[in-house]
Structure formats: structure tokens, C-alpha cells
Amino acid sequence: MRAALTQDKPGDTRRFPRAPGQQGGVAEQALRGVRPPDELAAGLGEELGLGALLLRGLPAPALAGRRALMRHLVLVLGDQLDAAAAAFDGCDPAQDAIWMAEVQEESTHVWSAQQRIAIFLSAMRHFAAARRAAGWTVHYSAIDDPDNTGTLTGELTRALRRLHPAHLRLTAPGDWRVLQALRAAAEAAGVPLALCPDRHFYTTVREFTAHARGRRPLRLEYFYREQRRRHAVLMQGSQPAGGRWNFDADNREAFPPGGPGTVPQQASFPPDALTRDVIALVRRRFASHPGHLDTFAWPVTPAEAQQALGVFVRERLAHFGRWQDALWPGEPGLWHAQLSAALNLKLLDPRAAVRAAEAAWRDGAVPLASAEGFIRQILGWREYVRGIYWTQMPRYAEANAFGAEADLPGFFWTGEAPMPCLADALHQTLHRGYAHHIQRLMVIGLYALLLGVRPQQVHRWFLAVYVDAVEWVEMPNVLGMSQFADGGLMASKPYIASGQYIKRMSAGAYCSRCRFDPAQRTGPRACPFTLLYWDFLLRHAAALEANPRTVLQARNLGRLSAAQRAEIHHQAEQWRQAHR
């Protein structure tokens, strides 16, 4: 399984040209690919109401020959665990029913880590139990059911043959592949499928498309300001609170040499009987998958997610802004919220999180910079990446602007990396299914980008290992933000740095225990991040010089002699060969 994942090279990435710079090439071509709202609605069914457009495409004989035994069958996926979801609008437990399915494919299409499998299965089983307690009939396919076909398509087909519903209802899923699979199963069975909007988001895909049209380039900051105005969040009249839209410049401090001090514990939830059953199942059925479950304590119900939000706002939000970019060995959570899994499984409403953070600032409990930094991640970034995903799929999945073709190193699956900073981030990820955003972007993602790993392999790894990974949010963050594979559609520059960045943001804590020196780019003590950073500049000098935000970095190459350039390239290739 591992070899298949690390060697996987699906699709032809050459349809995405190499990135020539910020304003053109891939960024411009991808923006031209943003589809108009009518086409988008027909393609996604995001806002199709009763699904009339999808019904029109069904084969007439299948529709005519069916005898309905129930009115609506509501399909509930593992990332749509919201009892108030739009799919339930107008439904009645006396006439309608719920369908849910655990299937092997959702844990094996990428080599999912045990913590990720467990949180999805546990949250699904808790949701099903709560709906049954509320009077609903829930048709639930357990993964260890001997008749389970192992795929969503197979399980839905099996259910439709048995239940004969007149209509299917589904809140728009967070994965293009899943949407296509369920749509195909419904069409094959001749049952109309109504795709309902996902109300957990502030913005519909249609609205994002309208925002994106005509904008060159498309950037988060303008979208975020629009969101703030539209939803009256952190506003004082028509102006942003504090007179600034963005406090990012205030939120980049590193810890002092002594470290972060005492960090409050993350809210944790000891496994109940349902979760313990899931843990036993995962250990038995997915024993070869990465990670382990000894520390599993994630929220798996809405009540637990709400409790976790309260603990974060009371105990960690005040310091989140100032130190959100800082790193420290052995501290997996620091001041971060660690609420992304609860948000992405729809256990926690993002409006509740935004309201709580804003209220804490207005009550004087937290600084404005901390509240704004947290709110920007939810009201801004989370909505923005979803819009990128649904307006650009499926083409976006094959983006590879830098033409990277290296395989993902095997130590990504074991954590046994040669550098303490990378090893710490990988071990933490495999141990807990979590790493904060700087570890993901500027340690793990940075190493893959500088090494030249094929971005689709990086994407598959990120999707496999994190408890909060749903493709709509993971793929744009990895391909666009981390690997710059879309050439500038999502972000204005590739996030590249030498080992000096990690030294600065960790106050030297990692480097003091490392055999490498971030100040050296070649030689036996050269930091691999620094060596590969200079190699990256050499390999992509033309693209970096054409981008106003990286031109100064590229110009530093002018200080290197031909011999120095050759040595960087030679040593970088030696490193790649030795650490596959």
C-alpha cells in the first residue's frame, strides 16, 4: 500500500503550464476557467432545490417502473453530521428515513491514518444514535457488515434496491469524487437526487463565483473584506474594528528562548462505549495503516465540539494571535484552537465560533489581533479555499506548475526524518492526526516543495493523515498554498524559505539539537532546508524573477559563482538520492 501511494502518478499534469509568474500563465488560465453561476449550479447541484435539473437527466424507463416505498431517503455523509442540514428541510421522520454507510473505500483510496478513520466512524455512529433517539429510522451500513460492498456507490445501490425511495436528498458533499459516485448511483437506479446547499458556510459556491469573475488576480484579502462587511463581523459602523482589516503583521512573533511557558491543555474527551468500539474496530481492520489510537480524545458530538470551542476561547484565544506562527519542540497544540475537525465534520457551526471570538473581544477578554486572526481563518480562509475547490475541480487536482516529479520520501509515513523540526512535525501528525498550520505549511509542506515532490503525492499524504482532512479544504491548501502547484491562482507567491526561518520561529530550539546548521547552504553541516532552498531558487529562477513577491529572493542568486551553483545542485541531488 505504501509503495503504491508514494509512487502514484495519476493524470497528465502538463495541461497546467509551468508558472511564469504571479500575474500570468497558470493563474490567469485557471481564472479564465472559473465557470459562470448557471453552469456551476447545473454541474454541482449546489442550489437546485428539489433537484429538478438532475431529475430531467434520468432514464425514463427506470423512473416509470419503480414503486416507491418511502418518500425521501436523506443521505448523510461523514462530513455532513448536522441534524439541521438543508437535506432535512421539509422531511418528516414518519415518512422519511436516513441512510448512512461506512465503507472501506473511504479509508483506502488514500492510506488513511488510524486517527482519521476513527474520528469519522465515531462521529457518524454518534450522529446515527442521536437521530434514532429523535425518532428517525436510520439505515446504517457498518463497515464490518459481511454484505457491505466496500464503496459508497455499492452501498447506496444496495439500499435503493431494498428501500425504493421516491426521492433522495443530500447536502452538497465536500469531495468531488464522492459527489460523482453518489450521483452516478442515483442516476443508475432512476431515483431523483436533490442536492441541497451546505449552510455551514457563509458563502455559496454561486456567490464565490460571482466574486471571482473579472478579478485578476484573485486574492483572499479582498474576499475577506467583502465577507466582513456583508456579515457585519468585527465592524464599527462601516469601518473595520480598530481601523485595520488585517492584524497579520502583529501575529508573527516567535517564542522567547525559554519557550511558550505553560500552555493550557486542549479540551479532551475520553472515549465512550461507541468510540471504544470504533477504536477496537480500527485497530483490528486497519492495523497496517499509519498512526495509532492511544491518545484519541477528539470531540465526536456537537456537545463536545461546543465545549471544545468554549475552552479555546476562555483559555487560549487571548494568546493565539501573537504566537500563531511560532514553533516549539514537543508542543503539538500551543495556543491553536484545534477545532478544524469539528468544523469540517459539521459538528460545530462556524458562525458559533466567529460569534464567540468576537464576543470575547468586545467583552475585553482577548486582544483584537487574536480575535481577528482566528476569525480570518474561518470567515475568510475557510470560505475562500472552498470556493477555489468547487469552481476549479476536477481540473485543479492535476495542477503541477513547477513540474515536480520526485516521490514522497518514505519517512513521511514513519516520522523518522533526519531533521528534528521535520521529525517532530511528522511524529506529531502520525501520533495525533494533527499539526498546526505553520508546521503544515512551513515545515512539512516546505520540505516537500523544496525537494520537488510531485504535488499530487503531497496532497494524498495530507488527505490521509489529518483528522480534519476533507478534500474541499485540504486540496487547495496543499496544491495552492503549500506547493504553489496552481501557479498563483490561490496565493500570490510560493512560500519558500531556508532553515533560518524555522530557527527564527522556534527561537533556535530545534536547531540547537540538530547536526545541521541553517546558516550553511553547502558542506557536511548544511541544513537540508537551506541547501534545497538555494537549489529551488536555481531551478525556478525565471518564474521567481517574474513574480514581484519573490524577485528579491531570486536576485540573491547573482551573488553565487558558477562553482557555487554547481556545488548546490550536486549536493541537493545527493541529498535526494540518499533520503528517498
Side-chain angles (χ1 to χ4, degrees), residues 76-88 115-116 118-131 134 171-175 197-203 227 231 233 264-272 274-275 296-317 320 324 333 335-361 366 370-371 373-386 432-434 436-437 466-474 477:
V76 177
L77 303 173
D79 67 333
Q80 297 291 357
L81 304 178
D82 175 16
F88 289 100
Q115 291 255 348
R116 181 174 184 263
I119 194 172
F120 273 85
L121 296 187
S122 177
M124 288 173 66
R125 292 186 178 192
H126 280 87
F127 180 89
R131 292 301 85 213
T171 299
D175 186 307
D198 190 339
R199 292 196 291 247
H200 261 251
F201 295 93
Y202 286 85
T203 307
Q227 290 281 87
H231 298 286
V233 174
Q265 290 294 311
Q266 174 197 7
S268 63
F269 304 91
D272 62 7
L274 267 181
T275 301
F296 187 91
W298 294 104
V300 292
T301 68
E304 290 176 346
Q306 192 65 40
Q307 182 181 338
L309 170 63
V311 170
F312 166 67
V313 171
R314 290 192 305 271
E315 299 181 5
R316 298 200 303 283
L317 177 58
F320 165 75
Q324 65 177 288
W335 304 96
H336 293 267
Q338 302 175 69
L339 296 170
S340 51
L343 286 165
N344 295 348
L345 272 61
K346 313 301 166 54
L347 304 177
L348 178 65
D349 192 316
R351 292 167 187 80
V354 168
R355 283 195 299 267
E358 181 169 12
W361 166 67
V366 304
S370 284
F374 176 68
I375 287 171
R376 177 159 27 97
Q377 290 190 355
I378 297 176
L379 180 62
W381 192 249
R382 189 170 183 266
E383 302 280 326
Y384 182 72
V385 298
R386 178 176 180 256
R432 301 185 66 244
Y434 173 82
H436 63 73
H437 70 272
Y466 289 112
V467 293
D468 55 16
V470 182
E471 194 175 84
W472 68 263
V473 64
E474 173 275 327
N477 269 302

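Both backbone and side-chain heavy atoms feed into the values below; hydrogens, waters and symmetry mates do not. Every value quoted in this text rests on a predicted model; they were computed, and no experiment measured them.
- Between F127 and F88, the ring planes lie tilted relative to each other; the angle falls in the 30° to 60° range.
- H436 and H336 have parallel rings, their planes meeting at less than 30° on a 0 to 90° scale where 60° marks the start of perpendicular.
- Here the side chains of H231 and V354 are not in contact, with every heavy-atom distance at 4.5 Å or above.
- Put simply, the side chain of W472 reaches to within 4.5 Å of the side chain of N344, judged on heavy atoms.
- The side-chain heavy atoms of Q306 and L348, taken from C-beta on, include a pair separated by under 4.5 Å.
- With sequence neighbours left out, E358 forms a salt bridge (charged side-chain N to carboxylate O under 4.0 Å, His left out) with R362.
- Side-chain atoms of Y466 and E474, non-hydrogen and from C-beta on, never get closer than 4.5 Å to each other.
- Here the side chains of W361 and L317 are not in contact, with every heavy-atom distance at 4.5 Å or above.
- Atom CD of Q266 is separated from atom CG of L339 by 8.5 Å, given to the nearest 0.5 angstrom.
- Using a 4.5 Å heavy-atom threshold, the side chains of F312 and Q338 count as separate.
- Rounding to the nearest 0.5 Å gives a distance of 13.5 Å between CH2 of W298 and OG of S122.
- Using a 4.5 Å heavy-atom cutoff, the side chains of F269 and V300 are not in contact.
- Between T301 and L347, every side-chain heavy-atom pair lies at or beyond the 4.5 Å cut-off.
- The stretch residues 76-87 participates, sequence neighbours left out, in these side chain to side chain donor-acceptor pair (under 3.5 Å) pairs: Q80-D198, Q80-K346, D82-H200.
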